[in-house]
Number of protein chains: 2
Amino acid sequence: MNRLHIITALAVAVACLFPSGSQAVETVSSPSGTIRLAFDVKGGGVPVYQVFFKNKTAIKESRLGLELDSENASHQFYESGSGSEHVDKSSLYNGFTLAKAETSTHDETWRPVWGEESSIRNHYNELAVTLNQAKNDRYIVIRFRVYDDGVGLRYEFPQQKNLNYFVIKEEHTQFAMTGDHMAWWIPGDYDTQEYEYTRSRLSQIRSLFDKAVTPNSSQHQFSKTGVQTSLQMKTDDGLYINLHEAALLDYSCMSLNLDDKNMIFESWLTPDAQGKKGYMQTPCHSPWRTIQIADDARDILASRLILNLNEPCKIEDTSWIHPVKYMGVWWEMITGKSTWSYTNAVNSVKLGITDYSKLQPNHTHGANNANVRRYIDFAAANGFDELLIEGWNEGWEDWFGNSKDYVFDFVTPYPDFDLKALNDYAHSKGIKLMMHHETSSSVRNYERHLDTAYTLMNRYGYDAVKSGYVGNIIPRGEYHYGQWMVNHYHYAVTEAAKHHIMVNGHEAVRPTGLCRTWPNMVGNESARGTEYQAFGGTQPGHTAILPFTRLQGGPMDYTPGIFEMDLSTFTSNKSKVLSTLCGQLALYVTLYSPLQMAADMPEHYEKYRDAFQFIKDVAVDWDKSLYLEAEPMEYITIARKAKNSDDWYVGNVTGKSDFNSTVALNFLDKGRQYEATIYADGPKANYLTNPQSYTVTRKKVNAKTVLKLHSVAGGGYAISIKPLK
Amino acid sequence: MNRLHIITALAVAVACLFPSGSQAVETVSSPSGTIRLAFDVKGGGVPVYQVFFKNKTAIKESRLGLELDSENASHQFYESGSGSEHVDKSSLYNGFTLAKAETSTHDETWRPVWGEESSIRNHYNELAVTLNQAKNDRYIVIRFRVYDDGVGLRYEFPQQKNLNYFVIKEEHTQFAMTGDHMAWWIPGDYDTQEYEYTRSRLSQIRSLFDKAVTPNSSQHQFSKTGVQTSLQMKTDDGLYINLHEAALLDYSCMSLNLDDKNMIFESWLTPDAQGKKGYMQTPCHSPWRTIQIADDARDILASRLILNLNEPCKIEDTSWIHPVKYMGVWWEMITGKSTWSYTNAVNSVKLGITDYSKLQPNHTHGANNANVRRYIDFAAANGFDELLIEGWNEGWEDWFGNSKDYVFDFVTPYPDFDLKALNDYAHSKGIKLMMHHETSSSVRNYERHLDTAYTLMNRYGYDAVKSGYVGNIIPRGEYHYGQWMVNHYHYAVTEAAKHHIMVNGHEAVRPTGLCRTWPNMVGNESARGTEYQAFGGTQPGHTAILPFTRLQGGPMDYTPGIFEMDLSTFTSNKSKVLSTLCGQLALYVTLYSPLQMAADMPEHYEKYRDAFQFIKDVAVDWDKSLYLEAEPMEYITIARKAKNSDDWYVGNVTGKSDFNSTVALNFLDKGRQYEATIYADGPKANYLTNPQSYTVTRKKVNAKTVLKLHSVAGGGYAISIKPLK
């Protein structure tokens, strides 16, 4: 077949949207027609696309393409056929002609192992354009999938004589905005997403950038207009646009750099130690670049675009994967009440040489046998599945900030942590311990010990691990979000699957829906979590933006459930948790995760047993989710039906303002009576001065009930709704 | 104890060798007094040393010290006590005062698992100076060991409050020469030692440098006066000086950079991907920097300094470690007669996806069942221990030059290589197969598969592996000789020991005597080996310099024994092996290794069965070695007594000139009669035009016999001497 001029008969829609100079225009619409995408090759052989939402432009004409590393592509400049631009072997961004355009329709419904709903429809129209670059005698494919809730596009590099191995210098995918939109953004960074969000016009990013950068254990910004995905925006005419990526595998993580004169975002990949941005071998493809569009903020939350663009589950037997509600010997270390380390007698540890049995204990070590048993007792008595224990293993005395290679071995417990006895004790009480692998970002070291560490978990009955990547990456010069580390995180998850281990990776690259393919990836951090409430606090509104941004890619181990907001009541920590108690309860509904922690300490839950009942009751896996009220960073109200149950849970969180919520319970079974237990901010609740003011109200409800509830700033409410017999 | 002014009572010799301004002078002499070392702290608190050989200066006053990375050492400039130089926290090279000087004597004899002799005396006097750096409130120790054959010195960094973790910017150890010596050098390079040696004055290095750099699969020079160790020199008054290092562990490999105005060498460490040169955690120390000195070239060859400066064997049960004489399915690929790859149908392999069973074989694949059986038959029939097979595993079609990460899995054989059947067949014939792990320098990938690969070796009965590191290192930006890779090679060897596997690492960092500590490290390449004879040739003299340089650190898998010098007789390769046949035989004696290959193919050995007899006979492990005649790059004659045997073997190699050798057999048992079989260059032998001319002569000899033999340029002789019954 001659690739040059075949326009396949499958094309469902062709329209001439571009002015003269175009070679061809291909368009494809979403199943309902809400979203339409147009593709063209412009002067100089430059591929471009546009996106329309309800016939209004959502993404203006935007270039597509990649630049290859010149060291790996010999310079052969020549005039392109139709323009004046130079084309050389480093270009995969111009000199193209449209060779083929194929469209197709796809409609399936799949069932996630766990999730916000028990079945997900994946319905899109697809356009795949084959682009020939004649002078280099090579071609690429750009594939577009157009959904009713947005667009995915990716580059595909078929195996061919003149495109086998190549190195990416930069990807130049543009997203041209139609105006100076409002945006909720965090600074683009190669190493961390643990920032608070800034709400500003696009044009204000540059001036607000430095203020938005707060300290982190590892961080590296690249541009004063660089931001991370998922990026939530809102146009002045009420369109919600979200840019992200899906299925990030063996490629470096994409940030966005804004041309703030023209309001054009362009992809900016994370480099490696040598500044290169990707090592590719055909056949291969980029991750999907995603554009979610809606004129109702709730539709962004309801979108399954990112999951749908990922591959189906690759684990055949998923019976060992299960949602987990857990507690942890953790918050007491985060707040400074106890320590991860066992001794103060040394500040330099050499594993296998340092003999802990001969060192004076510091008596502040949290992961000691007695304390762990106390947590096991409480967690088991209150129906939790697992108990995380951090600081159980040798090496914490100098684990951080030293660029230390052999920092942990992941198998050797401290003298006061009896690995076998504590697991036995937990199992006798019906719960499991959760493993903790802090790598200190010494990744070679972790990989050297990974199989042994997972094998130890199997031996003692751990089935889940929280892994951590604090500090700068070793191999030195690599970044948390580069291809090298993306490859590593995937390796850790797939090796874990072989051992039937669930993974909750902290400080790893932000998720992109890979949990569809590898559902043992039950959690990630990859954003500013509850711990920052003990590091000076996080402003209200943070949890009302996360579902629009960070959670688009997959669940977050946010670790909610703090009941004692004033840390000075039990430590010397002066931080205050900037949330009401009910604002904490709400998160079990509003921040979806199959892995939910009750992060506070038993003694604090004992003080508020009536409120704690909600955490005990709330489900962590769902049949259905309804997004009732939403505006980024201001409020979110979600109702969810527990999986394989008739119970419903409703949660509302607020931002910096009070919020009057109206919830019609018309999602309940008609004609059926329920009892609702409503955990709401007290009338005088205040996240700064009176956070523990709340009411617990029980009332009979049915599908006709409309609840009107008031949440204070930094607050929220939580409701459990159970059918009456 | 106050460290400031203690001069220990142990000091064996103190002499005032330095002019005024000195704080103190410490000297220590070798056991026989041949070599004397003086240490002082000069103006500005700069540590210096000098070395004398038979009371003549061998190393002029030379500075010692290190520079730490400033990012890891906050700048606190201040005036040092006694000079005008600035001292800051990045300095470990000035601002010192001598706090303590301790001397001691050490004399032991140890038995290597294998070696040039069955017992080795380790006899030295030691001086350890403690140097205080008052303003930084820290101290270091410099330890000197003075032998009759040279000096070792190293930096020691005790654990202390102000010296815990640090990063090395550069080590500034100087070796100040007394003149413009003659040197045999190869270019300093972070990635390869596979160069021919240049003989020149030190002052000529700069002008000859570019010519000395020949292409390699991975190479990176750093200075036009940079050279590698071990560096052999000769002074105009006949002193042989050799600079190298011993016990290179968890530190980057040292090259030497010459200040060619003042003839001062200074250490130049290999950087990492970020340009840093070492990540240290106290207590720790540098490798030993070594200076071997003799007034007879033979004494350099006889020196055991490098081995002696290494730690004793760390493997408790060494019964599984044994010398190996082996053949290989190798030379036929090197010469181009056959291929490592299985198919020409693809030039891009994805392991686990590429289905070789469906690909057309190229029928040039060397490691096929029939061919391997042929080699097994021949090797077994001729008394070899093992047979190496390269190209047995999937991935060779695109293994090189692509910066490919997942290039090999080290366990999956090609369809025409029956792993089990071939091992079974070999074992039935009394030999083992030798494993081959080419990593293509994708080191993360190798480490991920290492345990599985070694486990497979155990399962099938392999006990030795040849590993390879061709091409640029992945993690990208790291070098073959940086700390990262030094750490890796050590990891591969120590993990192998757990599996009772012997390692022969090619393209790895040049050895520094670590085989004393880890005697399962039976070989290394780390120099230009026989393969280059098929890549255009290597000039005569190369094998007459290697024992002075490369072999100082440990055995080399040089792969001698080529009998067919004209490759065009069996391939299209136009290269000629620049050696006579007897020059090849000699190498089994002159190039010591417990791992000796007969590198040529069976059909070539069949043609010269009488000469091949020497390869069959010659031992690979020794009770005693005598260095009879030697001059760098010109000639070497060595006699060795086979271990646990009364047989002797003598070898002689020449350089670019003919050589008349006179060998008095006075090392034979007095009064005992022996039969000598002498394999000598024929009268008209010529390494270019008539390399296969040789004579085999048998004669009765005894301790009074003096043999006079003639070797042609590029030639040599070999003698086996066995007692008559």
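Per chain, numbering begins at 1; letters A, B, ... match sequence-line order.
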Can you check whether [X] reaches [Y] side chain to side chain, under 4.5 Å on heavy atoms?
{"X": "B:Arg444", "Y": "A:Asn487", "result": "yes"}
{"X": "A:Trp484", "Y": "B:Ile474", "result": "yes"}
{"X": "A:Gln281", "Y": "B:Asp398", "result": "yes"}

Check: Any idea which of B:Arg476, B:Glu478, B:Gln274 has the most non-hydrogen atom pairs under 4.5 angstrom with chain A?
Finding: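 Among B:Arg476, B:Glu478, B:Gln274, the one with the most close pairs to chain A is B:Arg476.
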Note to self: If we define contacts as heavy-atom pairs under 4.5 Å, which of B:Gly401, B:Ala273, B:Pro475, B:Gly477 has the most with chain A?
What the structure shows: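 Among the listed options, the one with the most contacts to chain A is B:Pro475.
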Item checked: Residues in residues 348-356 of chain A that sit under 4.5 Å from chain B, counting heavy atoms only ->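 Answer by number: A:Ser348, A:Val349, A:Lys350.
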Notebook entry, point to check: So which residues of residues 445-456 of chain A are in contact with chain B at a heavy-atom cut-off of under 4.5 Å?
Noted result: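 When heavy atoms of chain B are the reference, residues 445-456 of chain A contributes A:Glu447, A:Arg448 within the under-4.5 Å range.
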Note to self: For a quick test of reading the model, state the closest non-hydrogen atom pair linking B:Asn347 to A:Asn164 and the distance between them.
What the structure shows: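 For B:Asn347 and A:Asn164, the tightest heavy-atom pair comes out as O-ND2, 3.1 Å.
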Check: Among A:Lys161, A:Glu495, A:His488, who wins on heavy-atom pairs under 4.5 Å with chain B?
Finding: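 It is A:His488.
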